[in-house]
Amino acid sequence: MVPTRGIEGGNGVEGPKPARAGKAQADARNQTAKAYFGVLAAEEGIRLIGESLPLLEKSLNEVTATFGSRFSGADRCGPDQHPVGTSSRSAAEF
């Protein structure tokens, strides 16, 4: 028999074994699937944030309007004007 050269040849270098090649392919597929899943998860997160943003902005506007109408400029005092626990307003007024 005539020895062949190259990967399968008898040049003293052992070629890849089918078991190792199969495992390498399976590992590559697994890593690709994990990376693709990560991309899908990130895209879904972006979509959910896009849907949530208008609701959050609406809530912010409602809270701002509610508290803005309750407190006039005279009611907005700095911390130096009303020490903690000595406010003249009762809890029922809030």
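Numbers here are sequence positions counted from 1.
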What distance separates [X] [atom1] from [Y] [atom2], expressed to the nearest 0.5 Å?
| X | Y | atom1 | atom2 | result |
| --- | --- | --- | --- | --- |
| L55 | L60 | CG | CG | 11.5 Å |
| T66 | N61 | OG1 | CG | 10.5 Å |
| I49 | E44 | CD1 | CD | 10.5 Å |

Name the atoms and distances for all side-chain donor-acceptor pairs under 3.5 Å in residues 27-40, with sequence neighbours left out.
| residue | atom | partner | partner atom | Å |
| --- | --- | --- | --- | --- |
| D27 | OD2 | K23 | NZ | 3.1 |
| T32 | OG1 | A28 | O | 2.8 |

message: Which residues pass the salt bridge (Lys or Arg N to Asp or Glu O under 4.0 Å) test with E51, not counting sequence neighbours?
response: R47
